[in-house]
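Report on the structure given below.
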Amino acid sequence: MSELNPVCQSFCEHTDAIEDVRKAMADDVHITALAELFKMLGDGTRVRMLLALARRELCVCDLTAIIGMSQSAVSHQLRYLRTAKLVRYRKEGKNVFYSLDDDHVTGLLMQGLEHIRE
């Protein structure tokens, strides 16, 4: 048995475990949506933006300064994050302020950071 890739040495199925997991498994639509969510988090720039917004609401100009990218590039990434329902925005005069969409996004980011720091 390889220690790098441990597998069962003999084939067996635990039907009770298989049935339990199949019943609890999310449907294909939700699995696809979850995979898309993690794909959004697969980009360092978007993660930086989300972490900045986890700290506080920021206007596009603030995000541009924090991330070190052009306003056009930041806006492009924010569009992806909005589509994925990770951020929301509000307008105030000529400025647009972004924040995380809800506490679930904050929790996801913080749990992810905690996991990698262990």
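None of the values given here were measured: they were computed from a predicted structure. Counting from 1, the numbers follow the sequence of the chain as shown.
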>> Show, in sequence, the C-alpha distance, side-chain angles and deciding distance for Arg117 and Glu114, and conclude whether the salt bridge (Lys or Arg N to Asp or Glu O under 4.0 Å) test is met.
In response: CA-CA 5 Å; Arg117 287 177 174 163; Glu114 183 180 328; over 6 Å; no
>> For a side-chain contact (heavy atoms from CB on, under 4.5 Å) check, start with the C-alpha distance between Leu51 and Met110, then their side-chain angles and the critical distance, and finish with the verdict.
In response: CA-CA 9 Å; Leu51 289 172; Met110 295 306 114; 3.9 Å; yes
>> Run Val74 and Thr45 through side-chain contact (heavy atoms from CB on, under 4.5 Å) and show every step you take.
In response: CA-CA 9 Å; Val74 167; Thr45 298; over 6 Å; no
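When side chains are defined from C-beta on, Gln77 does not count as touching Ile67, because their heavy atoms never get closer than 4.5 Å. Side-chain atoms of Leu78 and Leu63, non-hydrogen and from C-beta on, do get closer than 4.5 Å to each other. Between Thr15 and Glu19, every side-chain heavy-atom pair lies at or beyond the 4.5 Å cut-off. Side-chain contact check for Leu108 versus Leu50: every heavy-atom pair is 4.5 Å or farther apart. Considering only heavy atoms from C-beta on, Asn95 stays 4.5 Å or farther from Arg90 through its side chain. Side-chain contact between Met49 and Leu58 is absent, with no heavy atoms from C-beta onward closer than 4.5 Å.
Although no hydrogens or angles enter the test, the distance criterion places no donor-acceptor pair under 3.5 Å between the side chain of Arg82 and the main chain of Val87.
Using a 4.5 Å cut-off between side-chain heavy atoms of Ile, Leu, Val, Met, Phe, Trp and Tyr, with links allowed through other members, Ile18 and Ile31 fall into different hydrophobic clusters. Both Ile66 and Val96 belong to a common hydrophobic cluster when Ile, Leu, Val, Met, Phe, Trp and Tyr are linked at side-chain heavy-atom distances under 4.5 angstrom. One hydrophobic cluster holds both Met40 and Met69 under the rule that ILVMFWY side chains link at heavy-atom gaps under 4.5 Å.
Heavy atoms from other residues, nucleotides or ligands lying under 6.0 Å from CG of Asp27 number more than 12.
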